[in-house]
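We count residues from 1, following the sequence as given.
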Amino acid sequence: MEMAKAIIMAGCAIGAGLALIAGIGPGIGEGNAVAKALEAIGRQPECKGDVTSTMLLGCAIAETTGIYGFVTGLLLIFVAPGIFIGRL
C-alpha cells in the first residue's frame, strides 16, 4: 500500500515537471514574435498599429499554452494525488 502511494506521488511529480516545461515554448515564441514585429515596424513605420495589434493577439494566444501547462502542473501536484490515493 505504501509503495503504491509512493509510485502515485512520483508519477504526479514527474508529470507536473513535464507539464511545466510547456512554459518554455511560449517564452521563446513570444520573443521571436516581438523581434519580427520590431523588424517590420523598423522597415515600414506606417504599419505600426496593424503589426502591434496582430503581435499582441498572437502573443496572447501563445501564452495560453503556457498557462495550460501551469494549470496542469498544479492539478498534478495538489489534486491528482488525493484522487488516485483515495481509490486505493
Side-chain angles (χ1 to χ4, degrees):
M1 186 70 144
E2 291 300 317
M3 185 62 140
K5 289 182 182 180
I7 291 172
I8 290 171
M9 294 297 287
C12 288
I14 291 169
L18 291 174
L20 292 179
I21 291 175
I24 295 171
I28 294 170
E30 289 172 20
N32 286 337
V34 171
K36 295 298 181 181
L38 291 175
E39 287 178 16
I41 292 171
R43 288 190 193 118
Q44 293 181 342
E46 65 274 3
C47 69
K48 179 182 177 184
D50 293 337
V51 171
T52 302
S53 62
T54 304
M55 179 202 63
L56 289 175
L57 179 64
C59 285
I61 292 171
E63 188 65 31
T64 59
T65 60
I67 293 171
Y68 290 148
F70 179 68
V71 169
T72 302
L74 287 177
L75 288 173
L76 283 170
I77 291 171
F78 296 111
V79 177
I83 292 173
F84 293 131
I85 291 174
R87 292 183 182 180
L88 291 179

> What side-chain donor-acceptor pairs closer than 3.5 Å can you find for residues 59-70, not counting sequence neighbours?
residue, atom, partner, partner atom, Å
Thr64, OG1, Ile61, O, 2.5
Thr65, OG1, Ala62, O, 2.7

> May I ask whether Leu57 and Val51 are part of the same hydrophobic cluster, defined by side-chain heavy atoms of I, L, V, M, F, W, Y residues being less than 4.5 angstrom apart, directly or through others?
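No; Val51 is not reachable from Leu57 via cluster members.
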> Hey, are the side chains of Met9 and Ile85 touching, using non-hydrogen atoms and a 4.5 Å cut-off?
yes
> In the hydrophobic cluster built from side-chain contacts under 4.5 Å, what are the other members alongside Ile21?
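Other cluster members: Ile14, Leu18, Ile24, Ile28.
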> Who passes side-chain contact (heavy atoms from CB on, under 4.5 Å) against Ala80, sequence neighbours left out?
Cys12, Leu76, Phe84
> How does the hydrophobic cluster around Ile7 look, that is, which other residues are in it when side-chain heavy atoms under 4.5 Å mark a link?
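Members besides Ile7, by chain and number: Met3.
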> Quick one: salt bridge (charged side-chain N to carboxylate O under 4.0 Å, His left out) pairs with a partner in residues 43-55, sequence neighbours left out?
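Passing the test, one end in residues 43-55: Glu39-Arg43.
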> Which residues end up grouped with Met55 if you chain together Ile, Leu, Val, Met, Phe, Trp and Tyr wherever their side-chain heavy atoms are less than 4.5 Å apart?
Val34, Leu38, Leu56
